[in-house]
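Reviewing the structure listed below.
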Amino acid sequence: MSVDVGAASADVYVAGKKVSAGRQVVRNPARISEVVGHVALGTAAHVDAAVTAATGAAPLWADMRASDRADSLEAAAVVLTSRIDSLAELLTREQGKTLWEARADVAGAVSVLRYYADLSRALDTDEVFRSDERGTICSGRRPIGVAGVIVPWNSPAYLGFLAIAPALAGGNTVVVKPSELAPLALSELASTLADCLPPGVLSVVPGAGEPGAALAAHPQVRKILFTGSTETGRSIMRAAAGTLKNLSLELGGNDAAVVLESATISDELVTELMLGTFAISGQVCFSVKRIYVHRSHWTTLVEKYCDAVDRLVVGNGLDPSVSMGPLNNRRQYERVQGLLTDAQDRGADVRALGRKADEASWPEGYFLLPHVVTGLPDSAPLVAEEQFGPAVPIIAFDHDDEAVAAANGTEFGLAASVWSDDDAHAMSVARRLQCGTVFRNVHRAGASDVTMPFGGVKQSGIGRMHGLAALEACTELQIVANYQDVTHLSRPPWAGD
Ligand code: NAD
């Protein structure tokens, strides 16, 4: 089913009802003149209404058996499955990514919902960790309360559901705040899910910064799951400090790929390295953002890598011949252009590669060819900062220590990769990299599946999402000390025997 141009709408949706709000247009980054739909500009008042509804619904949802909640979420997943294809097309129009990438985003969201529904059934059983003649001590995981989920624009459906699903499955009620830059598919998925649940269990408040900041500061919100930039993460932490909220922060990265002397520069390696860099036009939190290569491989790697990148076709993501869509928004487009201009001004070798799918429509969107840059020092902004776009620096090193120091020489610590034929060599370097995930001979979405805890160290985040870790992050550990006999506990002398 194709989506009517301009018909889609991301509304404030509270307790099963649309709430009126100011709104702005959502444009297609591949054809900026095309209005894909409208997004409500939620305010602090909308957040307050949604949180009030979530607080009202919390006892009912929290007191249900986990397996009954799981049944509702699994039934909702069946409804959402029928929407995957139409919402994938909508996502390509609002976000820019290719249809293949958009389908993975939306289908991934639905499979995450199923995964957490299933995983959460175990919450019905408390664990006994000590049982003797004195009594039994049990532990169980309990809901935290109202959770605020704040989502970025790069993979909105998948990243939104990576937080919504464990939060709901853990027995929390949720208010989700999609990004104003790609709100349509996620809002549609979330409001459809909300309709399958008791009113108030899930509400949607799209908008710019205001509703996000209001969630972070709201006294009745106990948990924030935020995915986005490190800068906004800091601001959320400040706002959340007032009521000491439980925080999960998935933030920016500047991932290094380290190609060791023990690697073979095969076609397979080069293809994987290219996919890890340019998927979603480089707008992935754990894209390869810097490549360090042992000097013995420099010439071969740069040559073969540039050949692989040169095969990319850039254009409208709905065109099946296209392998890379536009950047999502003007700010991001200008930022990456600025980094490339800076690299040029520093005398670096800046190569624009790939080809345009359609020369005539090129000026209509935020299109940028994939760029490979050599000759930059580690201090140059394209190396030192998160570019979040299709431009990657390649830097030579002579010793592993040098590569490890460069890879770690940043306040980011999301992911990294080592490329090598030698298991022991790869592992020895991997252990020294300061980041939440190290891949070997791969570095892209899909290689970090939903069962693998994922998150950053240093200023790339706090906590882990994916897997059991996310369900734990969305619940509190409660101990029930069920003593039959307390005479073994020591008492102060004045209390008597
Ligand atoms: P962003 O921080 O600008 O926005 C993220 C969300 O926060 C949006 O919904 C935005 O409206 C909202 N927001 C803005 N100001 C706010 C405030 N003061 N308080 C609360 N919420 C506020 O990030 P972005 O540009 O949407 O996304 C790109 C960034 O996200 C990159 O840095 C990328 O690395 C990071 N990211 C990280 C992960 C991860 O898992 N670690 C995944 C995807 C993206």
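Just the heavy atoms: all of them, side chains too, but no hydrogens, waters or symmetry mates, feed the values below. Given the structure is predicted, the values throughout are model-derived calculations rather than measurements.
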Do you know which two heavy atoms are closest between Leu113 and Leu73, and how far apart they sit? CD2-O, 3.7 Å
Does Arg27 CZ have over 12 foreign heavy atoms under 6.0 Å away? yes
Identify the heavy atoms of Pro390 and Met324 that sit nearest to each other, and give their distance. CB-CE, 3.5 Å
Determine, for Arg65 against Asp124, whether the closest basic-nitrogen to carboxylate-oxygen distance falls under 4.0 angstrom. yes
In terms of side-chain heavy atoms, does Lys458 have a donor or acceptor partner in Gln434 at a distance below 3.5 Å? yes
Taking atom types as modelled, find out whether Asp195 and Tyr13 have a side-chain donor-acceptor pair closer than 3.5 angstrom. yes
Could you go step by step and tell me if Ser229 and Arg234 meet the side-chain hydrogen bond (donor to acceptor under 3.5 Å, both in side chains) rule? CA-CA 9 Å; Ser229 65; Arg234 285 191 199 102; over 6 Å; no
Within the structure provided, determine whether Leu251 and Gln459 are in side-chain contact (heavy-atom separation under 4.5 Å). no
Let me see the working for Val175 and Val221 under side-chain contact (heavy atoms from CB on, under 4.5 Å), right down to the final yes or no. CA-CA 9 Å; Val175 178; Val221 173; over 6 Å; no
Taking the inter-plane angle between the rings of Phe388 and Trp153 on a 0 to 90° scale, is it parallel (under 30°), tilted (30 to 60°) or perpendicular (over 60°)? perpendicular
Pair Asp422 + Arg440: basic N to acidic O under 4.0 Å: no
For a quick test of reading the model, state the closest non-hydrogen atom pair linking Pro453 to Thr437 and the distance between them. O-OG1, 4.4 Å
Residue pair Arg121, Asp71: steps toward the salt bridge (charged side-chain N to carboxylate O under 4.0 Å, His left out) verdict: CA-CA 9 Å; Arg121 291 178 188 278; Asp71 289 345; 2.8 Å; yes
Over 12 non-hydrogen atoms of neighbours within 6.0 angstrom of CD in Gln484: yes
Under 4.0 Å between a side-chain nitrogen and a carboxylate oxygen: does that hold for Arg444 and Glu272? yes
Given Ser287 and His443, is the side-chain contact (heavy atoms from CB on, under 4.5 Å) satisfied, shown in steps? CA-CA 7 Å; Ser287 287; His443 191 146; over 6 Å; no
Donor-acceptor side-chain pairing of Asp378 and Tyr292 below 3.5 angstrom: yes
With a sphere of 6.0 Å drawn around CE of Met452, does it hold more than 12 non-hydrogen atoms of other residues, nucleotides or ligands? yes
May I ask you to check whether Lys97 and Ser155 show a side-chain donor-acceptor distance below 3.5 Å? yes
If you compare all heavy atoms of Ser111 against all heavy atoms of Gly108, which two are closest, and at what distance to 0.1 Å? OG-O, 3.1 Å
Nearest heavy-atom pair of Leu471 and Tyr116: which atoms, and what distance? N-CE2, 4.3 Å
Can you establish whether the number of heavy atoms outside Met237 located under 6.0 Å from its atom CE is more than 12? no
Lys18 with Asp11: basic N within carboxylate O range, under 4.0 Å: yes
To the nearest 0.5 angstrom, please state how far the CZ atom of Phe226 sits from the CG atom of Leu249. 7.5 Å
Should Arg114 and Glu74 count as an ion pair when the cut-off is N to O under 4.0 Å? no
Using the ring of each side chain (for Trp, its six-membered ring), is Phe439 parallel, tilted or perpendicular to Phe286, with breaks at 30° and 60°? parallel
Verify side-chain hydrogen bond (donor to acceptor under 3.5 Å, both in side chains) between Thr98 and Glu101, making sure each step is shown before the conclusion. CA-CA 5 Å; Thr98 64; Glu101 291 168 334; 3.2 Å; yes
Measure across Gly200 and Ala57 and return the closest heavy-atom pair with its distance rounded to 0.1 Å. C-CB, 3.6 Å
Does a donor on one side chain and an acceptor on the other come within less than 3.5 Å for Lys223 and Asn246? yes
We want to know whether Ser262 and His425 form a side-chain donor-acceptor pair, criterion being a heavy-atom distance below 3.5 angstrom. yes
Under 4.0 Å between a Lys/Arg side-chain N and an Asp/Glu carboxylate O for Glu385 and Arg290? no
